[in-house]
Number of protein chains: 2
Amino acid sequence: MTTKSANARHTRQQLIAVGADLLCRRGYTGFSYQDLAHELGISKPSVHHHFAQKADLGLALCDWTEQWLRDGFGHFDQHGQNAPDKLQRYLRAAAKHTFNEHKQCPLSALHSDLAQLPDAMRARLSDLSQLEVNWVAAVFRQGLADGELQAPAGASAQELAQLFIFACKGALYYARLLGREHFEQSMTLLLQQWLPDAQPAQSHTPL
Amino acid sequence: MTTKSANARHTRQQLIAVGADLLCRRGYTGFSYQDLAHELGISKPSVHHHFAQKADLGLALCDWTEQWLRDGFGHFDQHGQNAPDKLQRYLRAAAKHTFNEHKQCPLSALHSDLAQLPDAMRARLSDLSQLEVNWVAAVFRQGLADGELQAPAGASAQELAQLFIFACKGALYYARLLGREHFEQSMTLLLQQWLPDAQPAQSHTPL
DNA sequence: GCAAGCCTACCTACCAGTAGGTAGGCTAAT
DNA sequence: ATTAGCCTACCTACTGGTAGGTAGGCTTGC
């Protein structure tokens, strides 16, 4: 029943799954082939059999991350009622990942280890970051078109998206130490300014 | 002239200086006693003579970071004309550090390696993060009092400061790969909303 | 039907290099 | 004489990676 090749596919997938988990918990340089081997109950050279070099596994983890992103975005697109709701779902997922599961998102984990990443992975990470920006930008574009979101004069959906993501990732970094409420406070404040019923500045009326 | 103890103080200071540089370039786990020894032209055990364990050096680097922060803040306080100018100087310094010198700020570097940090360093990093938040919060408090900055209704200086810092740090992470302009765009957009002459939302008049 | 040959997945044993860290000795300033 | 600062030599544990071999399934030719 369990043929050798089926087992192999299984092992390879398990390596990616465990690798992704370790990546999110300890970063790219924070886990070793030893760790993977131990986790799967196989030998270190057997890990090399599936991924000759760690960079090969790293690239596979980038592929995994791309799928992880696409799945997440698909889910938010499908269940989110409107743009603000999609962003809220994105933030809730990020918070759950960070504070309940005590993991970083794979993108942040890779950004953390940027200096030790092989060139191929850096290029891939750049693309993945852009992929994330693009999805958030599309949500903002939709929100602006629907009137569910409101931009400061002259700000593009792309710019809003980047600020949103950067603030989110930075807040997650710091909130791991400072506490979850710091993340929630900051992101609420940021989004609040872009909601139509927001009061953008106290006792100030624009021209 | 160069007495042994003077030389020693010098070596210790050099270790901290080089350690701080390596910390900002490669992170806490990204440099070794070997690297420090090589850089100073001494042996690895001699480094241990000054800092018995790496965690001891790590704590010393936290002290160095605190001084680095206080010096920076002092400089911005002294030369900044008003609150927005102080924030701009903070951002310019951060950009220079990241894009010209290709370093992370020591706080971000430590946050990146959070999972591998000894407990004592984590506690220290938490305090340092709070120190930075407090300074930025003070600048916002001043700006709000002077009318140079304008907060969304209900937002405290503390909250604005945290969002400002988190966005800045997150933007720096991403802009290392995506390009400096992404950092500048995002932070300009964020600050612009809090300047008195800002047009907070296109064709929208608050009640 | 069956065996030869190949393939995949795994193994043990090992490599050079590096991590953080230690023991003990020499030298020179106090 | 003591001690601070440095040294050589060494330790254990672990890094990514390799050499060489084995077990067993798959395919092919006879």
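Chain letters run A, B, ... following the sequence lines, proteins first, then strands; residues in each count from 1.
- Counting to the nearest Å, the P atom of D/dG21 and the NE2 atom of A/His49 are 18 Å from each other.
- Ranking D/dG16, C/dG21, D/dC6 by closeness to the A/His48 side chain, first place goes to D/dG16.
- If you take NE2 of B/His50 and P of D/dG5, they are 6 Å apart, rounded to a whole angstrom.
- The side chain of B/Ser46 contributes no N or O atom lying less than 4.0 Å from OP1 or OP2 of D/dG5.
- Computed from coordinates, the A/Gln34 CD to C/dT12 C1' distance equals 14 Å when rounded to whole Å.
- Within 4.0 Å of A/Phe31, counting heavy atoms only, lie sugar-phosphate atoms of the nucleic acid but no base atom.
- Here A/Ser43 does not reach the OP1 or OP2 of C/dT12: none of its side-chain N or O atoms lies under 4.0 Å away.
- Between the side chain of A/Lys44 and the base of D/dG17, at least one donor-acceptor pair of N or O atoms lies under 3.5 Å.
- Closest approach to the B/Ile42 side chain among D/dC7, D/dG16, C/dA19 is made by D/dC7 (side chain taken as heavy atoms from C-beta onward).
- Comparing D/dG17, C/dC11, D/dT15 against the side chain of A/Gln53 picks out D/dG17 as the nearest.
- Between A/Phe164 and A/Trp194, a ring centre-to-centre spacing not shorter than 6.0 Å is recorded.
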Checking ring-ring contact (aromatic ring centres under 6.0 Å, His included) for the pair A/Tyr174/A/His182: CA distance, chi angles, key distance, verdict? CA-CA 8 Å; A/Tyr174 275 69; A/His182 295 255; 9.7 Å; no
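- As a whole-Å value, the separation of A/Leu36 CG from D/dT15 P is 10 Å.
- In this structure, A/Ser32 and A/Pro45 both approach DNA chain D, and ranking their closest nucleotides by distance from the 5' end singles out A/Ser32.
- Between A/Thr11 and C/dC10 there is a side-chain polar atom (N or O) within less than 4.0 angstrom of OP1 or OP2.
- Exactly one residue among A/Tyr33, A/Trp64, A/Tyr28 makes a side chain to side chain contact (heavy atoms under 4.5 Å, CB included) with A/Leu57. That residue is A/Tyr33.
- The distance between atom NE2 of A/His38 and atom P of D/dA13, rounded to the nearest whole Å, is 16 Å.
- Separating the CG atom of A/Asp35 from the P atom of D/dA13 is a distance of 16 Å, rounded to the nearest angstrom.
- The OG1 atom of B/Thr29 sits 5.5 Å away from atom CD of B/Gln116, with the distance rounded to the nearest 0.5 Å.
- To the nearest 0.5 Å, the span separating CD1 on A/Ile165 from CG on A/Leu107 amounts to 9.0 Å.
- Rounded to whole Å, the distance from CG on B/Leu57 to P on C/dG21 is 10 Å.
- To the nearest angstrom, C1' of D/dG5 lies 14 Å from CZ of B/Phe51.
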